[in-house]
**Student:** 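The following block contains the structure, expressed as structure tokens.
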There are 2 protein chains.
Amino acid sequence: MKKSLTIHDIAKMAEVSSATVSRVLSNSSYPVSPELRSKILRIAKEANYVPNMLGKQLKTKTSMTIGVIIPTITNTFYSSVILGVEEIARKNNYQVLLCNSFQDPVLEDKYIQAMFEKQVRGLVISSISSDKKQLKHFIDMGLNVVALDQKVEMEEVCQVDFDYRKGGVMATRHLISKGHKKIAYVTAPLDRPSRVSIYDGYASAMKEAGLEPVVVEAGNETYSGTYEFENGKALTRKLLAGGERPSAVFACNDMTAFGVVNELNGQGFKVPDDVSVMGFDGIDFGQMITPPLSTVLQPTYEMGRLACNMLLDMLIDGKKPDIGIMLQPKLLERESVADLRG
Amino acid sequence: MKKSLTIHDIAKMAEVSSATVSRVLSNSSYPVSPELRSKILRIAKEANYVPNMLGKQLKTKTSMTIGVIIPTITNTFYSSVILGVEEIARKNNYQVLLCNSFQDPVLEDKYIQAMFEKQVRGLVISSISSDKKQLKHFIDMGLNVVALDQKVEMEEVCQVDFDYRKGGVMATRHLISKGHKKIAYVTAPLDRPSRVSIYDGYASAMKEAGLEPVVVEAGNETYSGTYEFENGKALTRKLLAGGERPSAVFACNDMTAFGVVNELNGQGFKVPDDVSVMGFDGIDFGQMITPPLSTVLQPTYEMGRLACNMLLDMLIDGKKPDIGIMLQPKLLERESVADLRG
DNA sequence: CTGTTAGCGCGTTCAG
DNA sequence: CTGAACGCGCTAACAG
């Protein structure tokens, strides 16, 4: 490993002071004569000089890196969000430190600490920790954070929200508008605000139509990549075993809906002829199955972009968020819902 | 923003020197009396002291962060790899800096440079750059790198390989063993080593059985999330329009296979009754469609783990890779391939 | 316009 | 066992 050059080495070679080298190499607005400037540039180039950001960052107290903490990147929802975050970060010369919390509050706190220690300028987080003490603590110490997906009830954190409740309402009303009356809702454990909101939307839309809600909720949650799919299957079995067959099933997310469709097919029911299925998320894969899944679109990529932009704004102005963003759901009508009114 | 404390502040509070504080707070093996140690620990805790890694890293010349560069995280293949990398990194107290190159060589080089400047200890990369000058350059300067997925022909870089060719052979032989004779291969552009290898495997297995290869290759490549799916559909249309219908279609990856299945269904052909379909990758979605997709499994998560472990080994010993790893494909026989021998 | 100097926060000699 | 002093690579303040 060759010892790497510093500005002092370059300074010596160019027979100038290291300050001058620093000024030209870091594009300072400080005036330097054109001759020296080009000479230094040339020498630095020839010598393959590479700046050490650690030194620079230590001095300037600004690291040009932001942190992202999400449950797991293998969930397409989050990988899409991250892509959006990274795009904006890149355009502003920031880099992103990625952490998967696996919904483990302990791990989440550990990561927050580690990132703070590494002087990240800010954090984009989908927090799972119920006790946000750690986060709060670092915010007090100056950490900028914007929350995504999972609500963080704090004055100081910016929020990129999605109207889950409205999404739940829209999906349910859509089903109702197609003539469905017996509509079941199958869901992963209602232990997260977002899930509760979708459920609320479903319940209120049902009530408003004078219909009886039928809910099947999963028990324990695991982190296998196919958990939600298996969950959809299991919940459907439970649902089907439980008496009168619903004409439509609304699932808390697309992956679960795939499980519902799969189990339905397995038991000899056609979708949407025998039973209609509605998802939630709008992941690409929904259009690849047969029939294409009707669902509610969450603009994940856009959420990532917005979150990152908000964060950068906070960093630049040092201003607290004046306003939160609430992204709106959009109905994606495809072919998994039958029209019963015919 | 509260000004954060340094070891000097703690030193003052504890009425000791900053050296002593450093020694206890960084778990140095240097002897410090138990009384002082506990006193310092207590005070640091009470004062909510958080170390600044920049200072530490600048001094010790070791950053505890590694970089990962992959084409795009929204590809489930790569997100799974990253999860593996991150798991191992976490267990060794490293963090990962993530970069999506979007298969853009210019962007890739820019990222490599940025990471080197940030003093990452090493890099896990799926490189797309045909001209690896930049990478080579930094390796010469001491950067440790392990290549993944895409072969990097350099003595100094460790490689976690997957036997794509054998996978291609296995899939093709499987089809042949089920009595298929007219087997088409549909593929994204053959401009990457991995893709060429799968094709080679297919071609050689066909030849060995005295069968005629039928290949449909896509033209330009885009980066929409559904590119491969659409590609599978388009290639299938082309294939079907081109004369005699094959009894089996082998696709270069699972997503493409989904497109194949979808288009086949759309044109009224049943899978596997009319046409059999074989994928490549083994992504979770494969088991969620009807019929579940027969495919070749790539151990992505394991690839990530192995790559990271190799990298950490290189960092610890500073030793060059003595040996590369070649992961083996595994046939995942599900229900999208018909047995024609009955 | 250029150079000298003094830290940023930390770990590490080297004396005591 | 403890502390004073130096320097990692860089920028910013102040002189010249």
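Labels below follow one simple rule: chain letters A, B, ... track the order of the sequence lines, proteins then strands, and each chain is numbered from 1.
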**Student:** Report the nucleotide, chosen from D:dC10, D:dA12, C:dT12, that has the shortest atom-to-atom distance to any side-chain atom of A:Ala19.
**Tutor:**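 The answer is D:dA12, which lies nearest to the side chain.
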**Student:** By the 4.0 Å heavy-atom rule, please label A:Ser26 as base, sugar-phosphate, or nothing.
**Tutor:**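 It contacts sugar-phosphate atoms only.
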**Student:** Counting only side-chain heavy atoms from C-beta out, which of D:dC10, D:dC1, C:dG3 sits nearest to B:Pro31?
**Tutor:** D:dC1
**Student:** Identify whether the distance between the nearest side-chain nitrogen and carboxylate oxygen of A:Lys39 and A:Glu35 falls below 4.0 Å.
**Tutor:**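 A:Glu35 and A:Lys39: not salt-bridged.
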**Student:** Would you kindly give the CD-to-P distance between A:Glu15 and C:dT2, to the nearest whole Å?
**Tutor:**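 Computing the A:Glu15:CD to C:dT2:P distance gives 14 Å.
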**Student:** To the nearest Å, how far apart are A:Ile7 CD1 and D:dT11 P?
**Tutor:** 6 Å
**Student:** Base, sugar-phosphate or nothing for B:Leu54? Non-hydrogen atoms, less than 4.0 Å.
**Tutor:**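 Result for B:Leu54 = nothing.
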**Student:** Of the nucleotides D:dC10, C:dT2, C:dT12, which one has an atom closest to the side chain of B:Arg23?
**Tutor:**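 Taking heavy atoms from C-beta onward, the closest nucleotide is C:dT12.
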**Student:** Calculate the interatomic distance between A:Lys118 atom NZ and C:dC10 atom P; express it in whole Å.
**Tutor:**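 Distance check: A:Lys118 NZ to C:dC10 P gives 15 Å.
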**Student:** Among the nucleotides D:dC1, D:dG9, C:dC10, which one has an atom lying closest to any side-chain atom of B:Ser33?
**Tutor:** D:dC1
**Student:** Side chain of B:Ser22, heavy atoms from C-beta onward: which of C:dT12, C:dT2, D:dG9 has the nearest atom to it?
**Tutor:**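 The answer is C:dT12.
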**Student:** Please state how far atom NE2 in A:His8 lies from atom C1' in D:dC6, giving the value in whole angstrom units.
**Tutor:**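 Going from NE2 in A:His8 over to C1' in D:dC6 covers 14 Å.
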**Student:** Whole angstroms only, please: what is the CG-C1' distance between B:Leu58 and D:dC10?
**Tutor:** 8 Å
**Student:** In this structure, how many angstroms lie between the P atom of C:dG11 and the NZ atom of B:Lys61, rounded?
**Tutor:**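 Result: 15 Å.
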**Student:** With respect to the side chain of A:Pro51, which nucleotide from D:dT2, C:dT2, D:dC10 is positioned closest?
**Tutor:**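 Nearest to the side-chain atoms of A:Pro51, counting from C-beta on, is D:dC10.
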**Student:** NA contact type, B:Lys56, heavy-atom cut-off 4.0 Å: base, sugar-phosphate, or nothing?
**Tutor:** sugar-phosphate
**Student:** Any N or O donor-acceptor pair linking the side chain of A:Tyr30 to the base of C:dT2 at under 3.5 Å?
**Tutor:**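 Pair found.
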